[in-house]
Amino acid sequence: MVISALALALFNINSDKKSGEHAQELLVKIKEEIPEERIPVGEVTTTEYKPSIFDEYISRDDPTYYEQPQEEVIDINGDFYSGIVEIPVLSLELPVYRDLDYENLKYSPCRYKGSVQDGNIIIAAHNYSSHFGNIDNMISGDRIYFTDAQGIVYEYEVITTEVVDGTDIEAMESGSEEWDMTIFTCTLSGMSRIAVRAAAV
C-alpha cells in the first residue's frame, strides 16, 4: 500500500508539472492573439455587436443560435479559449478554455458556466499547484483579473470562500446576484469543491 500511495503521489506531481508547463505554452500562443493594448472594462465605450467565430458554423435561423456563447473567442489549433485569468497573490496567469471537459481540465482552467460580459462567470480547474490548488489561501480583498479575447480586462475582488458539496450544482451557481465571478477546484478528497467568489471592481 505504501508503494501504491507513493506511485500515486509521484503521478500527481508529474501531472501537475506537465499541466503547468502546457498551460504556459498555451498562454504564449493566446497572448499573441489578444490585442497588445489592454483596455480596462470601465473604459470600453461601445457595446456594438462584433461577429463571433460561431457565426461561421451556426445560422441565426437555427433555434439553438441564441443558446450559443456569443462572446469573442481565441482559436488555437481548433481549441477555443475565452481569455486569460490572472491571480497575482498566487502568481498565476492561465488560459481559460471556453468549454469544460475532463480532457481540457488536464491542461488549463475551463469556463464552467456564464461569461464575464454577463457578470456570472464560473471557472473550474484541477487542484494542481500550477492551477487552482492554492485558491483556499485567498482572502477577501485579493484581486482576480480576466482578459477576454478582445483585450478587455475585467477586475474582481474576492468577497468570500465557500466549501460546496461536489454534487451540489445549485449551490455552486447560487448567489450570483452577490458575485460576478467564481473560481473553483476540488478538495484533496474530491468530495467537495472550494469556491472563491469575487465581485467586479
Side-chain angles (χ1 to χ4, degrees), residues 38-44 46-50 52 54 58 63-74 80-90 92-102 104-105 108-127 131-187 190-201:
R38 306 294 171 84
I39 308 168
V41 67
E43 295 179 14
V44 176
T46 178
T47 56
E48 180 181 347
Y49 172 75
K50 294 186 177 181
S52 163
F54 295 98
I58 303 169
T64 66
Y65 175 83
Y66 291 102
E67 297 172 13
Q68 307 300 321
Q70 297 300 308
E71 70 269 19
E72 289 279 320
V73 293
I74 301 158
F80 299 128
Y81 299 86
S82 294
I84 297 169
V85 64
E86 183 180 0
I87 308 173
V89 72
L90 300 180
L92 288 179
E93 186 178 22
L94 296 163
V96 177
Y97 278 102
R98 182 189 67 92
D99 298 309
L100 172 69
D101 67 38
Y102 187 75
N104 288 350
L105 274 176
S108 198
C110 299
R111 184 184 66 90
Y112 173 81
K113 197 168 186 181
S115 70
V116 288
Q117 292 86 357
D118 292 338
N120 60 357
I121 190 166
I122 303 175
I123 301 171
H126 273 312
N127 61 2
H131 289 184
F132 286 177
N134 296 313
I135 63 172
D136 58 330
N137 294 324
M138 298 181 74
I139 60 173
S140 295
D142 285 345
R143 290 298 204 262
I144 303 172
Y145 299 89
F146 188 94
T147 303
D148 73 7
Q150 300 177 69
I152 299 171
V153 181
Y154 297 78
E155 182 178 358
Y156 303 88
E157 180 178 319
V158 172
I159 53 176
T160 189
T161 299
E162 302 173 357
V163 177
V164 179
D165 185 275
T167 60
D168 195 341
I169 295 173
E170 186 176 341
M172 179 59 71
E173 299 174 7
S174 69
S176 58
E177 67 279 355
E178 299 166 12
W179 49 263
D180 302 287
M181 170 185 275
T182 292
I183 59 174
F184 77 91
T185 191
C186 58
T187 57
M191 301 299 290
S192 303
R193 306 286 181 260
I194 298 166
V196 175
R197 312 288 196 184
V201 175

Answer whether the closest heavy-atom distance between the side chains of V96 and F146 falls below 4.5 Å. yes

Report yes if the side chains of L94 and H131 come closer than 4.5 Å at any heavy-atom pair, otherwise no. yes

Would you mind reporting whether V116 and Y156 have side-chain heavy atoms less than 4.5 Å apart? yes

Has W179 got a side-chain atom pairing as donor or acceptor with S174's backbone, closer than 3.5 angstrom? yes

May I ask you to decide if I122's main-chain N or O and T182's side chain share a donor-acceptor pair within less than 3.5 Å? no

In sequence, state the C-alpha distance, the side-chain angles, and the governing distance for K113 and E173, and then conclude on salt bridge (Lys or Arg N to Asp or Glu O under 4.0 Å). CA-CA 9 Å; K113 197 168 186 181; E173 299 174 7; 3.1 Å; yes

Report the distance from atom CD1 of I123 to atom CD1 of I121, rounding to the nearest 0.5 Å. 4.0 Å

What's the spacing between I194 CD1 and E162 CD if we round to 0.5 Å? 12.0 Å

Give the minimum heavy-atom separation between Q117 and D148, together with the two atoms involved. NE2-OD2, 3.7 Å

Backbone N or O of Y97 within a donor-acceptor pair of the N104 side chain at under 3.5 Å? no

Which pair of non-hydrogen atoms, one from I159 and one from A199, has the smallest distance, and what is that distance? CG2-CB, 4.1 Å

Between atom CZ of R197 and atom OG of S140, what is the distance when rounded to the nearest 0.5 Å? 13.0 Å

Shortest non-hydrogen contact from L100 toward R111: CB-O, 3.5 Å

If we ignore hydrogens and angles and just use 3.5 Å, is the side chain of S192 paired with the main-chain N or O of T187 as donor and acceptor? no

With a 3.5 Å distance limit and no angle check, can you tell me whether T185 reaches the backbone of H126 through a side-chain donor-acceptor pair? yes

Does atom CD of E177 have more than 12 heavy-atom neighbours from other groups under 6.0 Å away? yes

Distance, nearest 0.5 Å, that separates CD1 of I84 from CZ of R38: 5.5 Å

To the nearest 0.5 Å, how far apart are CE in M181 and OG in S115? 10.5 Å

Please give me the minimum heavy-atom distance between A195 and V164, naming the atom from each residue. CB-CG2, 4.2 Å

Would you check if the side chain of D118 reaches a backbone N or O of N120 as a donor-acceptor pair within less than 3.5 Å? no

Does the side chain of I169 reach to within under 4.5 Å of the side chain of Y112, using non-hydrogen atoms? yes

What are the two closest non-hydrogen atoms of A198 and I144, and how far apart are they? CB-CD1, 4.2 Å

Working to the nearest 0.5 angstrom, can you tell me the gap between N137 CG and I87 CD1? 11.5 Å

V196 side chain near D142 side chain, heavy-atom distance below 4.5 Å: no

How far apart are the closest heavy atoms of M138 and R143, and which atoms are they? CE-O, 4.5 Å

